[in-house]
Structures are given as structure tokens and as C-alpha cells.
Amino acid sequence: MMEESKLLEKLPLKQHLGNIRRVMKLITSLDRSYVPWNAVSILLSAVISYGGMILSAYVLNRIAGEFAFAELFQKVILGVVLLSLGWSVLSILNRRINVKSQMIAEKYLALQQEKIMNMDFSMIDSPRLKELQERIRLENNWGAGIFTVFWCGKGVLESLVRIIGAVVIGIPMISYFQREDMGWLWAVLLLLLLMLGIGLKLYRYFQNMSHYVMFHVPTAEEKKFLWNYVWDFAYGSWHYRYGNGKDVRIYNSYDVMKKWTFDKLQNKDFFKYAVRRPGIGDAGMSGIQTALYVLSQTGAYGIVIMAALKGSMPVGSLILYADCLANIMIQAVYVVTACLELCMAARKQVGILELLELSDEMYKGSLPLEKRSDNQYHIEFRNVFFKYPGSEEYALKNFSLKFKVGERLAIVGRNGSGKTTMIKLLCRLYDPDEGEILVNGVNIKKFRHDEYSKLFSVVFQDYKLFSLMLAENIAADKDYDGEKVRRCLADAGFEERLEKLGEKGIESFLYKDYTDEGVEISGGEAQKLAIARAIYKEAPFVLLDEPTAALDPIAEAEIYGNFDKIAGDKTAIYISHRLSSCRFCDKIAVFDHGELVQTGSHEELLAEEGGVYASLWNAQAKYYEAG
Ligand code: ADP
């Protein structure tokens, strides 16, 4: 079920203000000087533009009367120089602000990524987070994200400052009006206000319409289309990445890919639907804004000219006051429309704010892990039941198992029987729904998470290496012990390849994301690096999920030959499909449909006739014999 956007629901003003405050607080926390710099820029730009208006009015008033040319000329030159200087300073300031805006937007993105990186792993594929991400994607579909909040917020302040400036400059105008019969003036002003009110109501109506398509696309499929999920699915990433798309070529699957990508773009009905209503909305907003602009300006000039005709207003003042009044009216329109846009822009960020404020759900214990020099850790799974978030099926059912440091445990079983799940639970990537996992008799939830995770070195089946330096990958840290990195690489069978890397050696970058000189490695080499990383950590438990699947037979033999040495007095848990490579383990646990169905040594298990192990073994033995 996809999270529906709530953007078009009416919200009380208090909540709008709350949203704006939350976004502004976040912006300030990302860059303390951003708001003050903007305030200076707004003030300076108002002073300069009103300064220009006052200078022109002064010159026109003087020209209309008797004046000394040289003196006026000097003043004009001084004024123009000051104004030009002001504009230059403002441009420098605005460049600074623009760069800051860009940095804030990047930091904002980094904050979201950091949050995702640090949150409980179990939350990442939880329906709750998926719904939230869905909402964020929809709500930020169009527009410039947090930038829109800056622009609208700045627009509101700019207009307010200009209104205040115009009121201050226009104060002497009141004495002209006071000489007049004020009745007609009030009538015109009231009319203008009424017009403003109606205009803004219409603006709001069109504003909602312009957001229509993003949030009320008729079917989930159309939503997916909007978000180009299919591109992710077809190419592995929204951005082009080399290495993707091999399968498309080999299987000639362009047509089916196009069905879900390009062909959807040809869907005229969808285009019409997506374009018409928001198009009318956009047109409506611009139309209303222009109409209000023209009417305000005409009204303002009309009022001042009428007043001037009846009295004796100098021409320069006439223009100045007309400009002031027009400015007040026009900026009033801008203030309100920008406020509406600001509310909408801040509202669109609420999903992201909620993401940033999500608190972890897993219980984080405070018990320090008992640091044992003898590394005597016992692990016990006691009647553990576990379902993945959002899944109906148990991935592990009533699972109980004990093992202790120094043992070699192999886990075998068909695909999907729960082997990897057991490893994930042991590492506390997820918590069991029922039952408990104990380390030396203490429920693992009670331990401090950071200390507990130091117990395990894991090579997952879908391990990831990063586009960083080789040494940083192995140490998983920015500080590393070069000698130790080299030793671990040698133990994992990467020595020969390391020599080929030349001078840079362990400082070579993996992949080409950061540098063109980055090295590309084969699947088997990558697996060796993942194993080297696990060795480097020197944790008491080494967990290997299909550790040799991508290795060639010689490398595999080397790893197994070395492994007793590498694992030393540590506990090693292997998951393997190749039963022949599990024979050397002290204990073998056989999984079937989420349950532990057998445990024992190879010989014991083979002796259990009709058991899962014997059937798996016999099935594989056939291949070996055939080979
Ligand atoms: P194995 O390692 O034995 O091949 P797993 O432990 O990976 O099996 O998976 C056990 C079951 O849990 C499978 O049926 C699999 O489809 C399901 N499963 C694995 N990961 C997830 C997940 N993230 N969300 C939902 N179900 C999952």
C-alpha cells in the first residue's frame, strides 16, 4: 500500500508555521550564517533600489525648478557611483549566498543518506520506511526541494522589506492626500483590497490544481511511471552505470525493456491527463499574478496622479510616490502568493524531516560486552521465531542451536531455508519475533550494540566493496595498518594480484568512481578482498556466507587449506552449498524450511538414512561422480 501524499489537505496556519520553522531550523543548523547573509542581501537590495528611485525623483524635482548644473551634476555622479558600488557588493554577496545554498542542499542530501546509513538495518526494508520514502519521492517530484523553501522565504522577506521601505519613503505623500476629499481614495483602496482577496483565493485554487497530477495519479502503475522505477529496475540505477545492461544485450530484451520505459512515454492519454490540469493550474497562477500586478500598478498610479492633478506635486515626487504606492500593492500580492508557495514548499519537506527524526526501534542495550582474553564466548539460539518485516512467512521457526568459540560450524540446506537469516539475527541486524539469542547466557539485546558488533567478522553473500582505497576497504577505516592489510590480503589469496597493482599497491582505488586509475577486479578477486576484510577485523567469530562461490577451484582449495590457520582459535561458521567443503567442520547444522532438522558430524549425518543431509549429499555426489 503506497502512502498517499497529504499535500492537498487543509492545514491550520499553526501547522504551516510549524513546518516552516522546522525547515528553517534545519537550514540554520546546516549553515549558521546563511540567514544573516540573506538578511543583509535583502536589506541592501531594498536600500539600493529605493535609493535609485529617490535619486531620480530628486533630479527630476530639481530640473523642474531653478538649479545649479555643476552642483547637481556632482550629486548625481556621487549618487550613481554609490549605487553602482552597492550593486557590485550585492552581486558578490549573492554569489556567496548561491554557493552556500548549493552547499546546504548537498549537506541536506548527505544528512538523509547518513540517516539511512545509520538507522537500524531492520528499518531499511520495513514497510514503514518504504511508505515514507514513497511519500518523499512523490512530494519532491517537481520543484527544487529545499531550494524552493529558501526562495519563497526570501521572497516573502524581500517583499516585506520593500513594503516597509515604500511606506517610509511615501509618508510625505499623506499630506497631499489630506488636502483632498478622501472619500474616493478610500473607495479605490477598498476596491483594490477586494480585488487582492479574490485574486488570492483564485491563486490558491490554481495552485492546488497545478500540484494535482503529482499526487492524484489514478493508478499505482501511473505513479510508478512518474517515478521511473522501471528505469531503476531495468538498468540497476537511475543513472547510467557501466557494467549494467549486459543481460539486455545478451537476451536481446530491448522490446520488453521498452514496454516499461520508452513505450510508456508514448502513452498519449497519460500525457494529456498529466499535462492538462496542472497546465491550467500554472496558467491560472501566472494569469492571476499578472492581472493583480497590472491592476495594482494602474490603481496606484491613478491614485497619485489624481492627487497630483488637484494639488501642486512636483513631477519627481509624483513618480516617486506613484512608484511607492505601486510597490506597496505589488509587493503585497507577492507576499501573499510567496507565503502560499512557502507553505507548500515547507510542507513538501515534512516527509524528509520525519525521516531525519525517525528514532531507531531496536532496543539498544547498555551492558558492556565481557572482554575475555580467552575468547570463551558461547552462543545459543533458544526457540527463535522470525519473520521479515512485512512478510507473512516465518524465515526461521522454533530454531535452537548452541556453539562455542573455537568450533567450526557448517550450515547447509536448500536455498531459502533460513541460513543467511540466522547469520543476520546473530549479528543483530534483526531481532527475533520470539525466543532469544544468548551470548554467555545473556540476551544479546542487552549488550551495547557497538561493542557487540565487534564480535563478528562477516562475509555476506551479497557483500559490498567500496570505491575507496584498497587498504581502506580492508581495514574498513580511514586509519589502517599497512603491514596487516598486506598480510590479510596474502592470507585471502590476493597477493599475486596485489603485486600487479604496481607502486600504488594497497593505496590503489577500487573501481573508477573516484579516479580513472581505479582498478577493476573480477568476482573471485572481490570475494578474496571481502575475506581479507573479515580477517583484518580479528573478531572472535568469523561468519562466511557462501565464501567461495566465486572462487576458482585452486583459490577455493587455498582458502580452505589456509582457513584453519586464519580462523585459529576463533569460531568459524560457514554457509555452503558445496557439502564436500563442509566435511572438515566439527559440526554441521542442516536447515530445511526455516527449521533446524539435523546436527552432527558429516559421518553421523550421512548415517541418518532418509535425512535431508543424506539426500543433499547424494544429489551432489552424483555430479562429482559424473564429473
Ligand atoms: P538461505 O540463506 O537459506 O538461502 P535466507 O535466510 O536468505 O535463505 O531466506 C529465508 C527466507 O526468507 C526465504 O524464503 C527468503 O525469501 C526470505 N527472505 C530473505 N530475505 C528477506 C527479506 N529481506 N524480506 C523478506 N523475506 C526475506
Side-chain angles (χ1 to χ4, degrees), residues 1-2 116-117 119-134 229 232-233 236 360-362 379 381-401 403 408-435 437 444 456-464 523 527 530-531 534 541-551 572-582 585 587-599 605 611-617 619-620:
M1 178 45 208
M2 282 203 210
I116 303 261
M117 199 159 65
M119 68 172 48
D120 283 346
F121 185 78
S122 56
M123 276 169 78
I124 293 179
D125 64 352
S126 69
R128 184 176 163 211
L129 192 76
K130 285 201 185 108
E131 276 170 20
L132 186 56
Q133 280 179 314
E134 185 68 32
Y229 283 150
D232 285 8
F233 147 74
D360 284 346
E361 285 168 351
M362 266 187 170
I379 289 193
F381 279 70
R382 203 182 275 171
N383 307 108
V384 166
F385 287 80
F386 175 71
K387 278 180 197 161
Y388 280 97
S391 168
E392 295 294 317
E393 298 275 316
Y394 278 107
L396 276 187
K397 270 179 285 195
N398 202 15
F399 177 78
S400 297
L401 181 71
F403 49 93
R408 305 280 185 267
L409 172 72
I411 302 179
V412 300
R414 295 189 179 90
N415 287 336
S417 57
K419 304 181 296 294
T420 306
T421 306
M422 179 227 156
I423 303 276
K424 289 184 192 160
L425 288 177
L426 180 59
C427 301
R428 261 209 101 191
L429 292 176
Y430 298 90
D431 277 337
D433 298 319
E434 283 173 55
I437 304 169
I444 59 172
F456 304 101
S457 281
V458 193
V459 181
F460 285 107
Q461 222 169 8
D462 53 354
Y463 64 87
K464 287 277 173 289
Q527 201 159 32
I531 292 172
F541 293 88
V542 185
L543 316 178
L544 305 174
D545 192 349
E546 286 291 327
T548 54
L551 298 183
I573 303 179
Y574 303 94
I575 296 181
S576 183
H577 284 112
R578 279 178 233 182
L579 300 196
S580 56
S581 51
C582 297
C585 288
K587 189 166 165 182
I588 301 172
V590 186
F591 282 45
D592 197 35
H593 292 97
E595 288 177 271
L596 179 65
V597 288
Q598 286 174 294
T599 47
L605 292 173
V612 177
Y613 187 83
S615 71
L616 288 171
W617 177 262
Q620 292 196 356

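This structure is a prediction, so every number in the text was calculated from the model and none was measured. Whatever order the structure lists ligands and atoms in, that order sets their numbers, starting from 1. Throughout, numbering of the chain's residues begins at 1 and tracks the sequence.
Atoms OG1 and CG, on Thr420 and Leu543 in that order, are 11.0 Å from each other to the nearest 0.5 Å. Atom CZ of Arg408 and atom CD1 of Ile588 lie 14.0 Å apart (nearest 0.5 Å).
Listed for the Gln598 side chain is a donor-acceptor partner under 3.5 Å among the backbone atoms of Tyr613. When atom types are taken as modelled, the side chain of Ser457 and the backbone of Ala534 share a donor-acceptor pair closer than 3.5 angstrom. Although no hydrogens or angles enter the test, the distance criterion places a donor-acceptor pair under 3.5 Å between the side chain of Tyr463 and the main chain of Gln527. Not one N or O on the side chain of Glu434 forms a donor-acceptor pair closer than 3.5 Å with the backbone of Asn383.
Residue contacts with ligand 1 do not include Met422, since none of its heavy atoms lies under 4.0 Å from the ligand.
Near Thr421, with a cut-off below 4.0 Å to any heavy atom, the atoms of ligand 1 are 5 (P), 6 (O), 9 (O), 10 (C). Distances below 4.0 Å separate heavy atoms of Gly418 from the following atoms of ligand 1: 1 (P), 3 (O), 6 (O), 8 (O), 10 (C). Of all atoms in ligand 1, listed by their number and element, those nearer than 4.0 Å to a heavy atom of Arg414 are 3 (O). Shown in contact with Ser417 at under 4.0 Å from a heavy atom are these atoms of ligand 1, numbered in order with element: 1 (P), 3 (O), 8 (O).
Within a 4.0 Å radius of atom 6 (O) of ligand 1, the protein has at least one heavy atom.
Residue-to-ligand polar distances keep Asn415 apart from ligand 1: every N/O pair is separated by 3.5 Å or more. In terms of N/O distances under 3.5 Å, ligand 1 is not approached by Ala395. Between Lys419 and ligand 1, a contact under 3.5 Å exists for at least one N or O pair.
Nearest protein heavy-atom contact of atom 26 (N) of ligand 1 is Tyr388 CD1, 3.3 Å. Of all protein heavy atoms, the one closest to atom 2 (O) of ligand 1 is Thr420 OG1, 2.6 Å. Closest to atom 15 (C) of ligand 1, if we only count protein heavy atoms, is Gly416 CA, 5.0 Å. Atom 23 (N) of ligand 1 has Asp125 OD2, 2.9 Å as its closest protein atom, hydrogens excluded (heavy atom only).
For Lys387 and Tyr394, the positive end sits near the middle of the six-membered ring, less than 6.0 Å away and at most 45° from its axis.
Between Phe399 and Phe381, the ring planes are perpendicular. Angles over 60° get that label, and only those under 30° would be called parallel.
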**Request:** Report the C-alpha distance between Lys419 and Asp545 in whole Å, list the side-chain angles of each, state the deciding distance to 0.1 Å, and finish with yes or no for salt bridge (Lys or Arg N to Asp or Glu O under 4.0 Å).
**Result:** CA-CA 8 Å; Lys419 304 181 296 294; Asp545 192 349; over 6 Å; no
